[in-house]
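First comes the structure, then the notes that go with it.
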2 protein chains.
Amino acid sequence: MATELKGLTKRSVNYSQWYNELVVKAELAEQADVRGCMVIRPYGYAIWEKIQSVLDAKFKETGVQNAYFPLLIPKSFLSKEAEHVEGFAKECAVVTHYRLKTNETHDGVVVDPEAKLEEELIIRPTSETIIWNTYKNWVKSYRDLPILCNQWCNVMRWEMRTRLFLRTSEFLWQEGHTAHATREEAEERAKMMLKVYADFAEQYMAVPVIQGVKSETERFAGALDTYTIEAMMQDGKALQSGTSHFLGQNFGKAFGVTFLDKDQKQDYAWATSWGVSTRLMGALIMTHSDDNGLVLPPRLAPTQVVIVPIWKTDEQLEAINNKAAEICQNLKAMGISVKYDNDDQKRPGFKFADYEVKGVPVRLVIGARDMENGTVEVMRRDTLEKETVSIEGIEEYVKNLLDDIQTNIYKKALDYRNAHIYECDNYEEFKEKIKDGGFFLCHWDGTPETEAQIKEETQATIRCVPYMFEQTPGTDMVSGKPSKCRVLIARAY
Amino acid sequence: MATELKGLTKRSVNYSQWYNELVVKAELAEQADVRGCMVIRPYGYAIWEKIQSVLDAKFKETGVQNAYFPLLIPKSFLSKEAEHVEGFAKECAVVTHYRLKTNETHDGVVVDPEAKLEEELIIRPTSETIIWNTYKNWVKSYRDLPILCNQWCNVMRWEMRTRLFLRTSEFLWQEGHTAHATREEAEERAKMMLKVYADFAEQYMAVPVIQGVKSETERFAGALDTYTIEAMMQDGKALQSGTSHFLGQNFGKAFGVTFLDKDQKQDYAWATSWGVSTRLMGALIMTHSDDNGLVLPPRLAPTQVVIVPIWKTDEQLEAINNKAAEICQNLKAMGISVKYDNDDQKRPGFKFADYEVKGVPVRLVIGARDMENGTVEVMRRDTLEKETVSIEGIEEYVKNLLDDIQTNIYKKALDYRNAHIYECDNYEEFKEKIKDGGFFLCHWDGTPETEAQIKEETQATIRCVPYMFEQTPGTDMVSGKPSKCRVLIARAY
């Protein structure tokens, strides 16, 4: 269908509206006619497939295997871990019946009251309970450990206010669930997976992230520690992009997952869980894109290069077709995905705008004059800079350009973020500056009360205790009490 | 955990029990503690991933793109296509509420009656309705067609009697949904996808299939034609392994998907849908496996080769380790997946039985004597034949052996099937012979009445009008009325 390319709201006018429009205009996703759910369109899904493929390989390198566990969870399972139920049993989709029947007027269907379930089933908001209920049958001895399972699946958390990719009732994700014989091994695994996420975000998504550990308030329901990666969007807000949880023996105890250790003593298994979701798509879009549309990192772009011909006569087109076919073949052989668009139903200007809004990293334009001169016009999407270069050796040129774009957008995002991280020791100053966004490194006394006060008064939250900065003790900027270290505070998505 | 390897029921004693035990003992899947749902274990899931990966590439070669549509379908959507609702709205999971709350005794959660949905939502049993409701916004002109989308997802159909992989309430599948400007193009697509399935079944699963078209009674609810591939299991029963539907304009009309054709006239889009599911796992298991366990086609085996060392002294083990590392490296370079198992906690006999039950196609055993003689013992899983061959050039030997196994198990299955296809013109003879299984080619008068009588009296159904046999008119074996052609009749899973 014809994409409406004009009229993308500028970021400076309304960042939030810019995002909402961009997701639709770039044909990444759209609101479904089902409350809170989204349709991920082929172009958006192709990016998600690239994300999946890279992450899946990285998980497997660490020994993780994929498996699949049921969509539906008996209501009683949720209650078995006390904190977990508080966090997840509230806003969820509940299956109460298993049959419909024709209505009395024979023009529709109604729920059959006879087909009521004895126990209601919940659509998984996350799968710790059903998975640890399964693990209890898999583990007898320390020799059966570790178990390193992951699943790629859909989950559902009922949301009242939704935004495409960032917060929807149904979303896609992966959830890893591991069981270990020792505390140390489990903690190491939780940290290892956070590092996998951080490396992926930086090397593939070109999104710089801050790694750290969550405050008690912000922890996953049922975790002893939640590790997180936090990215900064262009409006200075934080986007939590992946979490990894050290769950201690909470689920081992709740579901009776015991094993005989090397000394023939019974113990409960130690747990981790970790996940990233289609929310990463939101991070990707908001970090790099501009007022002309999407900017994609070459390593995750479904189409890395597009070639557009400009011609008047059939002879000209034929000559360009031949040259383009040769370039396409060479690029593909180098592992570069390329599309040649000689559709004569669309004008070049329409194509340019379309590929710009879709964020194709490199555009080549070949005209009749280029054919005569042995040149080609190259545009890089990140800076929109155009150059005319020799068509001879264009493949190598494009390859280097893709690498350069990947590096450049990472650096740009990193510079932006670093320019918006502030140390702050004065709460009044903080309250004023936070209005413009940014990450704040502030001393915190470690109490949930101070944390709650900051949130109440500024809508900002403690994102994490970051690993990356050297830490010295100080004084809480709100309470004036002693603080062990600075924490990262920001408004967040 | 320790797999209980002994005591697999023999196929001749109880085929059905053999299957149920094998799925569990080979660690492919197990019953979940949620009614009718299964857990797909890592070994089973690794096979499913191979199936997905091959099929996904084949779909994409035909221009199909992946996308994702919502899990939940508003109840009213189901009623929009009259036949579809009859087929699918009955046994399904119904979401009626979106919140739980703590119960009065504060020791569990109950459904919050305040959180009742205005319109109930159904967990998708198949996605024609939600997808065509989406397509109506994607299509304006013939230029927007065809739409070629596929999704890999979970679906749910409430089942009272379930069997792992063959019939479970929740299962995994892919569903392709295409929209076209002409009837011819849609019919061609439906047939094209059946061919993709048939080629995959025969070339990768090594499962011979009969392609054909369903009778009206057996059609997908809402289809004008349902194409099918039917495989024969070792008990002579049929297993429908994939279907592709030509849906006409039924969904285009039900959801108002119209477009302007080349002559500027409005028309409804033409539809197909097509799917295969984790049921393929059942076909794979039941076609090839034997009383010792699983037999896997090399092209879908997660581990194609296992190497087991036999040693007494540490020096012997070290020498074997070195040799095995070299072989593993060479095999991997040839694209062959190999596992070296020198775990000293398990005896060789345990390992042999374990890899046998898991169907690893080729086993190499290297003992101290072999090291002296420059030999290795090779066992092929399909025939259980052992040979001692030179360790020099073993990689090439293994490569050829894998090809040979792939060919051999296909041929074996094909011979078995062909030996159990009977032309039959006498209903009394049919009723007697069908008790032993097999496929019957019989004349049928084309009426649902005769079809129903056969099903009622013999539990056999018309599987399809097959493409592969030359057809001549005749006389219906039941009614004595004229028949246009022979149909394939069998008892089925």
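Letters A, B, ... mirror the listed sequences (proteins, then strands); counts begin at 1. Just so we're clear, the structure is a prediction, and the values are computed from it rather than from any experiment.
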Report summary line: Residues of residues 147-160 of chain B with a heavy atom under 4.5 Å from any heavy atom of chain A, in residue-number order, are C149(B), N154(B), M156(B), W158(B), M160(B)

Query raised in the report: Within the side chain of E175(B), is there an N or O that forms a donor-acceptor pair under 3.5 Å with the backbone of S127(B)?
Result: yes

Query raised in the report: So, the side chain of N103(B) versus the backbone of V110(B): is there a donor-acceptor pair under 3.5 Å, distance only?
Result: no

Query - Distance in Å, I73(B) CD1 paired with L121(B) CG, rounded so as to fall on 0.5 Å steps - result: 9.5 Å

Query - Top contributor to chain B contacts, counting heavy-atom pairs under 4.5 Å, from K80(A), K60(A), R35(A) - result: K60(A)

Report task. Please determine, among C92(B), S141(B), C37(B), the option with the most heavy-atom pairs under 4.5 Å with chain A. Result -> C92(B)

**Report entry** Contact winner vs chain B - V111(A), L172(A), N133(A), heavy-atom pairs under 4.5 Å
**Finding:** L172(A)

Report task. For chain A, find which of P70(B), S79(B), A32(B), A29(B) contributes the most heavy-atom pairs closer than 4.5 angstrom. Result -> P70(B)

Report summary line: Among L100(B), L71(B), I40(B), the residue with the most heavy-atom pairs under 4.5 Å to chain A is L100(B)

Query - Set of salt bridge (charged side-chain N to carboxylate O under 4.0 Å, His left out) partners for K75(A), sequence neighbours left out - result: E120(A)

Report task. Using distance alone, with no hydrogens and no angle criterion, decide if T96(B) and T96(A) have a side-chain donor and acceptor under 3.5 Å apart. Result -> yes

Requested in this report: Could you tell me which residues satisfy ring pair (Phe, Tyr, Trp, His ring centres under 6.0 Å) with Y68(A), sequence neighbours excluded, listed by chain and number?
Outcome: none

Query raised in the report: Could you walk me through whether H177(A) and Y135(A) pass the ring pair (Phe, Tyr, Trp, His ring centres under 6.0 Å) check?
Result: CA-CA 10 Å; H177(A) 296 271; Y135(A) 283 176; 7.5 Å; no

Report task. Could you tell me the separation between the OG1 atom of T134(B) and the CG atom of D33(A), rounded to the nearest 0.5 Å? Result -> 7.0 Å

Query raised in the report: Is the Lys NZ or Arg CZ of R41(B) less than 6.0 Å from the centre of W138(A)'s six-membered ring, within 45° of the axis?
Result: yes

Requested in this report: Please list, chain by chain and in numerical order, all residues satisfying side chain to side chain contact (heavy atoms under 4.5 Å, CB included) with Q345(B), sequence neighbours excluded.
Outcome: R143(A), D343(B)

Requested in this report: Look at M38(B), E119(B), E170(B), Q65(B) and state which one has the largest set of heavy-atom pairs under 4.5 Å with chain A.
Outcome: E170(B)

Query raised in the report: What part of V85(A) is in contact with chain B, defined as an atom under 4.5 angstrom from a non-hydrogen atom: side chain, backbone, both or neither?
Result: side chain

**Report entry** Heavy-atom pairs under 4.5 Å with chain A, option from T168(B), I123(B), I131(B), L117(B) with the top count
**Finding:** I123(B)

Report task. Please check if the side chain of D56(B) supplies one atom and the backbone of Q52(B) the other of a donor-acceptor pair under 3.5 Å. Result -> no

Report summary line: Bottom line for L145(B): the part with an atom under 4.5 Å from chain A's heavy atoms is neither

**Report entry** Side chain, backbone, both or neither of F77(B) within contact of chain A (heavy atoms, under 4.5 Å)
**Finding:** side chain

